[in-house]
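What follows is a set of notes on a single structure, which appears directly below.
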Amino acid sequence: PSPDLADAVAREVEAQLADLPRAVVVRAALENFGYVAVTDTLADAVSVVNDYAPEHLHVYVRDPWNLVSGIENAGAILIGQHATAALGDY
């Protein structure tokens, strides 16, 4: 868990919103339904995931297989930096 990574993600989202033609729509969706959670442990993160039940869950950890075994409520679990939602849906 990394507050620095969470901050970097928030900054990158803001930077990308600046160039989007539909930024107003995307911003509204993120404000109403999106969030970044920073937990004390990865076990706590799994609990958040299971409560939130995301349609697409991206997992970027050193040992994803131990973590993924505890995830019960996610539509698609995408593991690693090269597993994107666009590719995962096909």
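Every heavy atom of this structure was used, including side-chain atoms; hydrogens, water molecules and symmetry mates were not.
For the pair Pro64/Val61, a side-chain contact is recorded, criterion being any heavy-atom separation below 4.5 Å from C-beta on. In this structure the side chain of Val59 never reaches within 4.5 angstrom of the side chain of Leu78, judged on heavy atoms.
Residues His58 and Ala83 share a closest heavy-atom pair of ND1-O, 3.6 Å. Residues Leu17 and Ala23 come closest through the heavy atom pair O-CB, 3.2 Å.
Atom CG of Asn73 is separated from atom CG of Asn50 by 5.0 Å, given to the nearest 0.5 angstrom. With rounding to the nearest 0.5 angstrom, the CZ atom of Arg62 is 13.0 Å from the CG atom of Leu67.
Put simply, Leu57 and Phe33 are part of two different groups of oily side chains (I, L, V, M, F, W, Y) that touch within less than 4.5 Å, one to the next. Residues Val26 and Val36 are members of one and the same hydrophobic cluster, defined by side-chain heavy-atom contacts under 4.5 angstrom among Ile, Leu, Val, Met, Phe, Trp and Tyr. Placement of Tyr60 and Leu42 in two distinct hydrophobic clusters is found when ILVMFWY residues are connected by side-chain heavy-atom separations under 4.5 Å, directly or transitively.
In this structure, Val48 belongs to a hydrophobic cluster whose other members, linked by side-chain heavy atoms under 4.5 Å apart, are Tyr35, Tyr52.
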